[in-house]
Amino acid sequence: MADLRNYQNHAQAGAQASAAIDQGLRAYMLRVYNLMALGLVITGIAAYGIFTASVSGDASGQVQLTQFGQVMYASPLKWLVMFAPLIAFFFLAFRINKMSVAAAQTAFWVYAALTGISLSTIFLVYTGQSIVQTFFITAASFGALSLYGYTTKRDLSAMGSFMVIGLFGILIAMVVNIFLQSSTLTLAVSFIGVLIFAGLTAYDTQRLKREYQYLRGTEFAGKAVIMGALSLYLDFINMFLFLLRFMGS
(Lines give C-alpha, C1' and ligand atoms only; values in the text may rest on other atoms or scores of the structure.)
Protein backbone atom coordinates (compact mmCIF):
# COMPACT_ATOMS: atom_id res chain seq x y z
CA MET A 1 0.00 0.00 0.00
CA ALA A 2 2.86 2.33 0.90
CA ASP A 3 4.51 1.54 -2.44
CA LEU A 4 1.29 2.46 -4.24
CA ARG A 5 1.12 5.78 -2.38
CA ASN A 6 4.76 6.53 -3.24
CA TYR A 7 4.08 5.74 -6.88
CA GLN A 8 1.05 8.04 -6.93
CA ASN A 9 3.03 10.82 -5.26
CA HIS A 10 5.85 10.48 -7.79
CA ALA A 11 3.38 10.41 -10.67
CA GLN A 12 1.61 13.52 -9.35
CA ALA A 13 4.92 15.34 -8.89
CA GLY A 14 5.97 14.35 -12.41
CA ALA A 15 2.68 15.60 -13.86
CA GLN A 16 3.04 18.92 -12.02
CA ALA A 17 6.62 19.32 -13.28
CA SER A 18 5.52 18.53 -16.83
CA ALA A 19 2.70 21.07 -16.61
CA ALA A 20 5.13 23.69 -15.30
CA ILE A 21 7.49 23.01 -18.20
CA ASP A 22 4.64 23.25 -20.72
CA GLN A 23 3.48 26.58 -19.31
CA GLY A 24 7.04 27.87 -19.25
CA LEU A 25 7.62 26.69 -22.82
CA ARG A 26 4.46 28.40 -24.07
CA ALA A 27 5.48 31.63 -22.36
CA TYR A 28 9.00 31.32 -23.77
CA MET A 29 7.83 30.72 -27.35
CA LEU A 30 5.24 33.49 -27.07
CA ARG A 31 8.04 35.92 -26.16
CA VAL A 32 10.01 34.73 -29.18
CA TYR A 33 7.05 35.20 -31.56
CA ASN A 34 6.13 38.59 -30.10
CA LEU A 35 9.68 39.88 -30.47
CA MET A 36 9.90 38.53 -34.02
CA ALA A 37 6.56 40.14 -34.91
CA LEU A 38 7.69 43.48 -33.48
CA GLY A 39 10.86 43.20 -35.56
CA LEU A 40 8.75 42.68 -38.69
CA VAL A 41 6.62 45.71 -37.83
CA ILE A 42 9.74 47.85 -37.39
CA THR A 43 11.12 46.56 -40.70
CA GLY A 44 7.87 47.33 -42.54
CA ILE A 45 7.60 50.84 -41.10
CA ALA A 46 11.25 51.61 -41.88
CA ALA A 47 10.96 50.26 -45.44
CA TYR A 48 7.80 52.17 -46.30
CA GLY A 49 8.96 55.34 -44.54
CA ILE A 50 12.24 55.47 -46.44
CA PHE A 51 10.45 54.72 -49.70
CA THR A 52 7.89 57.50 -49.32
CA ALA A 53 10.66 59.96 -48.44
CA SER A 54 12.70 58.87 -51.46
CA VAL A 55 10.15 59.24 -54.26
CA SER A 56 7.71 61.84 -55.51
CA GLY A 57 5.10 61.81 -58.26
CA ASP A 58 4.47 64.46 -60.89
CA ALA A 59 1.23 65.41 -62.63
CA SER A 60 1.66 62.67 -65.23
CA GLY A 61 1.97 60.00 -62.56
CA GLN A 62 5.67 59.40 -63.14
CA VAL A 63 7.64 58.52 -60.01
CA GLN A 64 10.95 60.27 -59.50
CA LEU A 65 13.61 60.11 -56.83
CA THR A 66 13.70 63.01 -54.41
CA GLN A 67 17.00 64.51 -53.29
CA PHE A 68 16.86 62.17 -50.31
CA GLY A 69 16.19 59.26 -52.67
CA GLN A 70 19.19 60.20 -54.79
CA VAL A 71 21.36 60.07 -51.69
CA MET A 72 19.89 56.73 -50.53
CA TYR A 73 19.78 54.88 -53.85
CA ALA A 74 22.07 56.64 -56.32
CA SER A 75 25.07 57.71 -54.27
CA PRO A 76 27.90 55.74 -52.63
CA LEU A 77 25.73 55.65 -49.50
CA LYS A 78 23.69 52.91 -51.20
CA TRP A 79 26.47 50.43 -50.37
CA LEU A 80 26.17 51.28 -46.70
CA VAL A 81 22.40 50.88 -46.94
CA MET A 82 22.91 47.50 -48.59
CA PHE A 83 25.46 46.07 -46.17
CA ALA A 84 24.46 47.74 -42.88
CA PRO A 85 22.02 44.92 -41.92
CA LEU A 86 24.76 42.32 -42.46
CA ILE A 87 27.15 44.28 -40.23
CA ALA A 88 24.46 44.65 -37.55
CA PHE A 89 23.67 40.92 -37.73
CA PHE A 90 27.26 39.86 -37.12
CA PHE A 91 27.61 42.44 -34.35
CA LEU A 92 24.57 41.02 -32.57
CA ALA A 93 25.55 37.38 -33.16
CA PHE A 94 29.10 37.75 -31.89
CA ARG A 95 28.52 40.28 -29.09
CA ILE A 96 25.33 39.00 -27.52
CA ASN A 97 27.15 37.01 -24.81
CA LYS A 98 28.73 40.23 -23.55
CA MET A 99 25.56 42.31 -23.79
CA SER A 100 22.72 42.73 -21.35
CA VAL A 101 19.28 41.50 -22.38
CA ALA A 102 18.08 45.10 -22.82
CA ALA A 103 21.08 45.98 -25.01
CA ALA A 104 20.66 42.83 -27.10
CA GLN A 105 16.97 43.59 -27.61
CA THR A 106 17.79 47.14 -28.67
CA ALA A 107 20.40 45.78 -31.10
CA PHE A 108 17.75 43.49 -32.58
CA TRP A 109 15.39 46.42 -33.12
CA VAL A 110 18.21 48.42 -34.76
CA TYR A 111 18.95 45.45 -37.01
CA ALA A 112 15.25 45.19 -37.97
CA ALA A 113 15.16 48.91 -38.83
CA LEU A 114 18.34 48.68 -40.94
CA THR A 115 16.88 45.68 -42.75
CA GLY A 116 13.76 47.71 -43.50
CA ILE A 117 15.84 50.56 -44.91
CA SER A 118 17.72 48.09 -47.10
CA LEU A 119 14.48 46.44 -48.27
CA SER A 120 12.79 49.75 -49.12
CA THR A 121 13.89 49.23 -52.72
CA ILE A 122 11.26 46.52 -53.21
CA PHE A 123 8.65 49.30 -53.38
CA LEU A 124 10.52 50.66 -56.42
CA VAL A 125 10.33 47.26 -58.15
CA TYR A 126 6.99 45.70 -57.13
CA THR A 127 3.47 47.06 -56.75
CA GLY A 128 2.18 47.69 -53.25
CA GLN A 129 -0.68 45.24 -53.77
CA SER A 130 1.61 42.36 -54.73
CA ILE A 131 3.88 43.10 -51.75
CA VAL A 132 0.93 43.01 -49.35
CA GLN A 133 -0.48 39.82 -50.91
CA THR A 134 2.90 38.08 -50.73
CA PHE A 135 3.36 39.18 -47.13
CA PHE A 136 0.07 37.61 -46.02
CA ILE A 137 0.78 34.41 -47.96
CA THR A 138 4.20 34.27 -46.29
CA ALA A 139 2.62 34.87 -42.88
CA ALA A 140 0.11 32.04 -43.38
CA SER A 141 2.81 29.66 -44.64
CA PHE A 142 5.17 30.62 -41.84
CA GLY A 143 2.47 30.06 -39.22
CA ALA A 144 1.63 26.61 -40.55
CA LEU A 145 5.27 25.54 -40.83
CA SER A 146 6.17 26.84 -37.38
CA LEU A 147 3.15 25.06 -35.89
CA TYR A 148 4.33 21.85 -37.54
CA GLY A 149 7.80 22.29 -36.09
CA TYR A 150 6.34 22.92 -32.65
CA THR A 151 3.97 19.95 -32.60
CA THR A 152 5.70 17.22 -34.62
CA LYS A 153 7.32 14.30 -32.85
CA ARG A 154 9.65 13.73 -35.78
CA ASP A 155 13.28 14.77 -35.27
CA LEU A 156 14.02 17.50 -37.82
CA SER A 157 17.75 17.77 -37.07
CA ALA A 158 18.81 15.93 -40.23
CA MET A 159 16.50 18.07 -42.36
CA GLY A 160 17.87 21.21 -40.72
CA SER A 161 21.46 20.23 -41.54
CA PHE A 162 20.45 19.55 -45.15
CA MET A 163 18.72 22.92 -45.38
CA VAL A 164 21.78 24.75 -44.07
CA ILE A 165 23.93 23.06 -46.73
CA GLY A 166 21.33 24.02 -49.34
CA LEU A 167 21.44 27.61 -48.09
CA PHE A 168 25.16 27.84 -48.81
CA GLY A 169 24.45 26.34 -52.22
CA ILE A 170 21.92 29.01 -53.21
CA LEU A 171 24.20 31.77 -51.90
CA ILE A 172 26.94 30.54 -54.24
CA ALA A 173 24.43 30.27 -57.10
CA MET A 174 23.24 33.85 -56.46
CA VAL A 175 26.82 35.15 -56.58
CA VAL A 176 27.48 33.24 -59.82
CA ASN A 177 24.27 34.60 -61.33
CA ILE A 178 25.45 38.16 -60.76
CA PHE A 179 27.80 37.51 -63.69
CA LEU A 180 25.62 35.13 -65.71
CA GLN A 181 22.37 37.11 -65.41
CA SER A 182 20.39 33.94 -66.18
CA SER A 183 16.63 34.26 -65.70
CA THR A 184 16.34 30.45 -65.53
CA LEU A 185 18.89 30.26 -62.72
CA THR A 186 17.13 33.13 -60.93
CA LEU A 187 13.84 31.22 -61.07
CA ALA A 188 15.47 28.01 -59.87
CA VAL A 189 17.24 29.78 -56.98
CA SER A 190 13.98 31.44 -55.93
CA PHE A 191 12.08 28.14 -55.95
CA ILE A 192 14.79 26.33 -53.98
CA GLY A 193 15.09 29.31 -51.63
CA VAL A 194 11.40 29.09 -50.73
CA LEU A 195 11.75 25.37 -49.96
CA ILE A 196 14.90 25.90 -47.88
CA PHE A 197 13.47 28.63 -45.68
CA ALA A 198 10.19 26.75 -45.35
CA GLY A 199 12.18 23.81 -43.98
CA LEU A 200 14.29 26.06 -41.76
CA THR A 201 11.15 27.59 -40.26
CA ALA A 202 9.97 24.19 -39.02
CA TYR A 203 13.48 23.16 -37.94
CA ASP A 204 14.23 26.39 -36.07
CA THR A 205 10.92 26.20 -34.22
CA GLN A 206 11.67 22.67 -33.03
CA ARG A 207 15.24 23.67 -32.13
CA LEU A 208 14.01 26.58 -30.00
CA LYS A 209 11.53 24.29 -28.29
CA ARG A 210 14.29 21.83 -27.40
CA GLU A 211 16.74 24.51 -26.33
CA TYR A 212 14.25 25.73 -23.75
CA GLN A 213 14.63 22.46 -21.82
CA TYR A 214 18.30 23.33 -21.21
CA LEU A 215 18.02 27.09 -20.87
CA ARG A 216 14.96 27.49 -18.61
CA GLY A 217 15.87 29.13 -15.38
CA THR A 218 19.33 30.21 -16.59
CA GLU A 219 20.57 33.75 -17.08
CA PHE A 220 20.95 33.14 -20.82
CA ALA A 221 17.24 32.41 -21.33
CA GLY A 222 16.44 36.08 -22.02
CA LYS A 223 19.17 36.32 -24.67
CA ALA A 224 18.03 33.01 -26.16
CA VAL A 225 14.62 34.59 -26.76
CA ILE A 226 16.28 37.34 -28.80
CA MET A 227 18.41 34.94 -30.83
CA GLY A 228 15.38 32.72 -31.38
CA ALA A 229 13.36 35.71 -32.61
CA LEU A 230 16.25 36.63 -34.91
CA SER A 231 16.33 33.11 -36.40
CA LEU A 232 12.60 33.07 -37.14
CA TYR A 233 12.72 36.67 -38.35
CA LEU A 234 15.37 35.74 -40.92
CA ASP A 235 13.36 32.69 -42.01
CA PHE A 236 10.29 34.88 -42.55
CA ILE A 237 12.08 37.71 -44.37
CA ASN A 238 13.94 35.40 -46.74
CA MET A 239 10.88 33.27 -47.52
CA PHE A 240 8.97 36.50 -48.22
CA LEU A 241 11.66 37.80 -50.60
CA PHE A 242 11.93 34.55 -52.54
CA LEU A 243 8.13 34.29 -52.81
CA LEU A 244 8.00 37.89 -53.99
CA ARG A 245 10.12 36.95 -57.02
CA PHE A 246 7.35 34.52 -58.02
CA MET A 247 4.28 36.50 -57.04
CA GLY A 248 5.36 40.11 -57.27
CA SER A 249 4.05 42.30 -60.07
Side-chain angles (χ1 to χ4, degrees), residues 24-25 27-47 49-50 72 76-122 142 146 149-150 156-157 160-161 163-172 174-175 193 196-197 199-242:
L25 177 60
Y28 174 83
M29 293 301 295
L30 185 60
R31 289 173 62 194
V32 170
Y33 287 125
N34 285 342
L35 187 59
M36 184 207 79
L38 181 57
L40 291 174
V41 170
I42 292 173
T43 298
I45 292 174
I50 293 297
M72 292 296 293
L77 184 63
K78 68 182 181 182
W79 299 108
L80 179 60
V81 171
M82 185 183 303
F83 291 108
L86 186 62
I87 296 171
F89 169 79
F90 283 115
F91 175 82
L92 178 59
F94 287 108
R95 295 283 300 176
I96 190 169
N97 288 331
K98 299 180 180 180
M99 301 167 69
S100 66
V101 174
Q105 188 166 292
T106 301
F108 173 72
W109 289 337
V110 171
Y111 169 74
L114 291 174
T115 301
I117 294 172
S118 180
L119 293 182
S120 61
T121 54
I122 65 173
F142 177 90
S146 190
Y150 186 86
L156 301 179
S157 299
S161 300
M163 293 299 171
V164 171
I165 294 172
L167 176 59
F168 284 107
I170 64 170
L171 288 175
I172 294 172
M174 290 171 70
V175 172
I196 285 176
F197 284 102
L200 284 175
T201 296
Y203 164 73
D204 283 333
T205 302
Q206 186 181 78
R207 175 179 57 81
L208 293 174
K209 181 182 176 182
R210 290 179 173 177
E211 285 179 354
Y212 171 77
Q213 307 299 328
Y214 302 98
L215 297 174
R216 58 192 175 95
T218 66
E219 61 180 359
F220 192 74
K223 297 178 183 179
V225 169
I226 297 168
M227 293 306 296
L230 177 61
S231 297
L232 295 181
Y233 171 91
L234 288 171
D235 293 337
F236 187 101
I237 288 292
N238 283 285
M239 186 159 55
F240 166 74
L241 291 175
F242 281 119

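Index from 1, following the sequence. It should be emphasised that the depicted structure is a prediction, and the values quoted were computed from it without experimental measurement.
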Does any N or O in the side chain of S118 come within less than 3.5 Å of the main-chain N or O of L114, such that one atom is a donor and the other an acceptor? no

Can you see which heavy atom on [X] is nearest to which on [Y], and at what distance?
X	Y	answer
S157	R210	OG-NH1, 3.6 Å
M99	A107	CE-CB, 3.8 Å
A112	G39	CB-O, 3.5 Å
A224	Y28	CB-OH, 3.4 Å
A47	S120	O-CB, 3.2 Å
M29	K209	SD-N, 4.3 Å

Sub-4.5 Å side-chain heavy-atom contact between F108 and V225: no

Check against side-chain contact (heavy atoms from CB on, under 4.5 Å), I122 and F240: CA-CA 11 Å; I122 65 173; F240 166 74; 4.0 Å; yes

Any chance you could measure [X], atom [atom1], to [Y], atom [atom2], to the nearest 0.5 Å?
X	Y	atom1	atom2	value
I226	M36	CD1	CE	15.0 Å
L208	L232	CG	CG	5.5 Å
I237	L119	CD1	CG	6.0 Å
Q206	E211	CD	CD	11.0 Å
Y233	D204	OH	CG	15.0 Å
I196	T201	CD1	OG1	12.0 Å

So, S146 versus T205: side-chain donor-acceptor pair below 3.5 Å or not? yes

Check the pair D235 / Y203 against side-chain contact (heavy atoms from CB on, under 4.5 Å), numbers first and verdict last. CA-CA 10 Å; D235 293 337; Y203 164 73; over 6 Å; no

Verify side-chain contact (heavy atoms from CB on, under 4.5 Å) between L35 and W109, making sure each step is shown before the conclusion. CA-CA 9 Å; L35 187 59; W109 289 337; 3.7 Å; yes

List the residues meeting side-chain hydrogen bond (donor to acceptor under 3.5 Å, both in side chains) with S231, not counting sequence neighbours, and say none if there are none. R207

When you look at Y111 and L234, which way does the side-chain contact (heavy atoms from CB on, under 4.5 Å) test go after all the steps? CA-CA 11 Å; Y111 169 74; L234 288 171; 3.0 Å; yes

